[in-house]
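Sequence lines set the chain letters: A, B, ... in the order given, protein chains first and strands last, and positions in each chain run from 1.
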2 protein chains.
Amino acid sequence: MTADGTVQQTVTGCNDALAFNVFSRDCPSRETLSDITGRWGPLALTALLENTLRFNELRRRVEGVSEKMLSQTLQSLERDGLVHRTAQPTNPPRVDYTLTPLGEEVARRLMDVIELVQTRTPDIEAARHRYDAERGC
Amino acid sequence: MTADGTVQQTVTGCNDALAFNVFSRDCPSRETLSDITGRWGPLALTALLENTLRFNELRRRVEGVSEKMLSQTLQSLERDGLVHRTAQPTNPPRVDYTLTPLGEEVARRLMDVIELVQTRTPDIEAARHRYDAERGC
DNA sequence: CGGGATCCGAGACGATACTG
DNA sequence: CAGTATCGTCTCGGATCCCG
């Protein structure tokens, strides 16, 4: 980073007291945020809010996600301690995904966002048409 | 969800009654969701929750965002009717960004998510270290 | 100051094939 | 079933230059 070694502005970063610093460049909470607000994060988390699901159940529930991305998403969420993974070495294998307590809190709040967006979709689509009409023509 | 307990399949899309279908592949609410949960969406929205800001004020508040991405983000949000843009043709020009009522609701809920993540960051980091320790070694 | 236009690399993402 | 590995595409996103 620092070619000359000088820059590194003593990153007290985002741990300043109670300061609310997702806005800070290097705050680890920003990384977490990108995990849970990533393309598939919110959908996976809220899907698990309803019940424990197996890998392919989850995959069917979240339409359009590829195996690879679901796998990646779940790994990130497991690493962050939001999702718990239980593998049974049976044949065929069975793996269950559950929310941890923290994951449940996060998921519930994400659900609030999604629910709001969902119910206000008509307004949003109207706004889009207005915007496009003014600019497009 | 449905009164009779049947699973409300027949994916006509996501406008089925009150069905909760961000999970549906082509639901427009999913597009909106990606706008507000994009990389810079949550930060821009919650920054505007505090006050009205001008372009470069916003840019300084949200550390690390490039002009291009901030511009794009704001345009998406304006199109969705979440952000209001006021341009004054003075010299130098002055452009203010504000939340619409709907934008404020969304931002408030996003703030709840961010606040939670922020306060639980220690737990999350601990979980990460545990995860990495088990796997990495 | 508040952007738009362009170029370019890195990484996200999807499809497919393969493993245990 | 539950993934991993590989590969190709394509978008995201930063850097730069420019304009009103």
Which of the following nucleotides, D/dG13, D/dC1, C/dG2, is nearest to the side chain of A/N56?
-> D/dC1
Please give, in whole Å, the distance from D/dA2 P to A/L53 CG?
-> 11 Å
Hey, what do you get for CD (B/Q118) to CG (A/L33), rounding to the nearest 0.5 Å?
-> 9.5 Å
Please state how far atom CZ in B/R59 lies from atom P in D/dG13, giving the value in whole angstrom units.
-> 15 Å
A/R54 CZ to D/dG3 P, in whole Å, measures 10 Å
Is any side-chain N or O of B/Q72 closer than 4.0 Å to OP1 or OP2 of C/dG4?
-> no
Return no unless some side-chain N or O of B/R39 is found under 4.0 Å from OP1 or OP2 of D/dG14.
-> yes
Which whole-number value in Å describes the distance from B/M69 CE to D/dG13 P?
-> 4 Å
Rounded to the nearest angstrom, tell me the gap between atom CD in B/E78 and atom P in C/dG3.
-> 9 Å
A/E57 atom CD is separated from D/dG3 atom P, nearest whole Å, by 12 Å
Can you tell me how far P of C/dG20 sits from CG of A/N91, to the nearest Å?
-> 13 Å
Go through C/dG2, D/dT6, D/dG3 for me and flag the one nearest to the A/F55 side chain.
-> D/dG3
Which atom of B/V22 lies closest to which atom of B/R30, heavy atoms considered | O-NE, 2.9 Å
May I ask you to test the A/Q72-A/W40 pair for a side-chain heavy-atom distance under 4.5 Å?
-> no
Which nucleotide sits closest to the side chain of A/E67: D/dA2, C/dC13, D/dT4?
-> D/dT4
Rounded to the Å, how far apart are B/L74 CG and C/dG2 C1'?
-> 11 Å
Which nucleotide in the list C/dG4, D/dC1, D/dG14 gets nearest to the side chain of A/P93?
-> D/dC1
Of the candidates D/dG14, C/dG4, C/dC13, the side chain of B/S66 sits closest to D/dG14
Side chain of B/S71 only, please: which of D/dG14, C/dG3, C/dG14 is the nearest?
-> C/dG3
Under 4.0 angstrom between A/Y97 side-chain N/O and D/dC1 OP1 or OP2 = no
Among C/dG4, C/dC7, C/dG14, the nucleotide that comes nearest once only the side chain of B/K68 is considered = C/dC7
Classify the nucleic acid contact of B/Q75 as base, sugar-phosphate or nothing, counting any heavy atom under 4.0 Å across all strands shown.
-> sugar-phosphate
From CA spacing to verdict: side-chain hydrogen bond (donor to acceptor under 3.5 Å, both in side chains), B/T46, B/R61 = CA-CA 11 Å; B/T46 57; B/R61 181 83 178 106; over 6 Å; no
Here the gap from B/T52 atom OG1 to B/E57 atom CD, rounded to the nearest 0.5 Å, amounts to 9.5 Å
